[in-house]
Amino acid sequence: MSFDQLSSLEAGRRRGGPGYADDPEFQRLSQDLMNKLFKLNGNNQRLSGEIGHLGTRRDTPRVRERVHELIEESRDTFKEVGEGVKKIQTWEDVTPTQKYTQQKLSREFGASLSEFQSLQRQALEKQKASVTAARTAIDPTSDTHATPSSPEQLQEQELARLAPQDDVDFQEALIIEREEEIRNIEQGVGDLNVLFQQVAQIVSEQGEVLDTIADNVENVRDDTRGADRELRSAARYQKNARSKACCLLLVLAVIFTIILLAIFVP
């Protein structure tokens, strides 16, 4: 049986034989990751719409709350999916079908995470712009050092001073809250960048391993074909040698017969 026939038989066994069925645990994990990626893609669409409202007339505390919730939820889910993708990528003894699943998961994870990172950066820019505008708005620009001429005027000025101060305090609290959100987003972007690099590194290493395996298989195939050619050549030489030996024996038999006839026949 030739090498190509053996390869075809082995491929048939992998496709249909019970010994080569996909690992149920691999199937369960990969399906769970696909479901989470589907949900993350939906979150990205919703987040894009909410971020589009920031800095416009539709910008409200509720909009900012939804942006914050979507970012936090998606960030945690991306971390879970990233760990799962790393586990899938390092799965041992994968079949061709499982290898396709590995590539699909890493590709879709990378695309979804890249989109989410871009949305986080958009939210970050709008949050920073909002904080800058808020600080500019509460910056004091008027002079209120005039000397009051009566107790009534003094009381009026004090009330006028206290009212804006309450508003200033409220705006300061909002600024502090938004600055905290900015720091959280920046940290989240950094954490997910690290995770993305880890997954990309594993995928790259797996690709190098597969290239090495493919090269080894190619070398083995070439060596096997070379050995097959040599065996066929040796078989031909052996067949030719047997034919020559038979001819020589036949010639010797004829000569021996002639000699016997010459001796014993008068």
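Residue indices begin at 1 and follow the sequence shown. Keep in mind that the numbers below use all heavy atoms, side chains included, and drop hydrogens, waters and symmetry copies.
- Comment: Glu73 engages Lys39 in a salt bridge, judged by a side-chain N to carboxylate O separation of less than 4.0 angstrom.
- The backbone N or O of Ile51 lies less than 3.5 Å from a partner atom in the side chain of Lys126, making a donor-acceptor pair.
- For Gln98 (side chain) and Thr95 (main-chain N/O), a donor-acceptor pair under 3.5 Å exists by modelled atom type.
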Q: With side chain to side chain contact (heavy atoms under 4.5 Å, CB included) as the test, would you mind laying out the steps for Phe109 and Val199 before giving the verdict?
A: CA-CA 9 Å; Phe109 172 74; Val199 173; 3.9 Å; yes
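- None of Lys79, Lys87, Lys86 except one satisfies the salt bridge (Lys or Arg N to Asp or Glu O under 4.0 Å) rule with Glu83; the exception is Lys86.
- At least one donor-acceptor pair under 3.5 Å links the side chain of Ser114 to the backbone N or O of Gly110.
- Legend: residues meeting side-chain contact (heavy atoms from CB on, under 4.5 Å) with Gln45, ordered by chain and number and at least two apart, are absent.
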Q: Begin from the C-alpha positions of Leu119 and Gln122 and carry the test side chain to side chain contact (heavy atoms under 4.5 Å, CB included) through to its verdict.
A: CA-CA 5 Å; Leu119 291 171; Gln122 292 179 32; 4.2 Å; yes
**Q.** Chi angles and distances behind the side chain to side chain contact (heavy atoms under 4.5 Å, CB included) call for Lys99, Gln103
**A.** CA-CA 6 Å; Lys99 183 58 189 174; Gln103 295 172 345; 3.6 Å; yes
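- With hydrogens and angles disregarded, no donor-acceptor distance shorter than 3.5 Å links the side chain of Asp32 to the backbone of Arg28.
- At distances below 3.5 Å, not a single donor-acceptor pair connects side-chain atoms of Ser74 with backbone N or O atoms of Ile71.
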Q: Before giving the answer on side chain to side chain contact (heavy atoms under 4.5 Å, CB included), spell out for Thr101 and Ile88 the whole-Å C-alpha distance, their side-chain angles and the decisive distance to 0.1 Å.
A: CA-CA 9 Å; Thr101 302; Ile88 284 287; 5.6 Å; no
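- With hydrogens and angles ignored, the 3.5 Å screen pairs a side-chain donor or acceptor of Gln89 with a backbone N or O of Gln102.
- Residues Gln201 and Gln197 are not in side-chain contact: their nearest non-hydrogen atoms beyond the backbone lie 4.5 Å or more apart.
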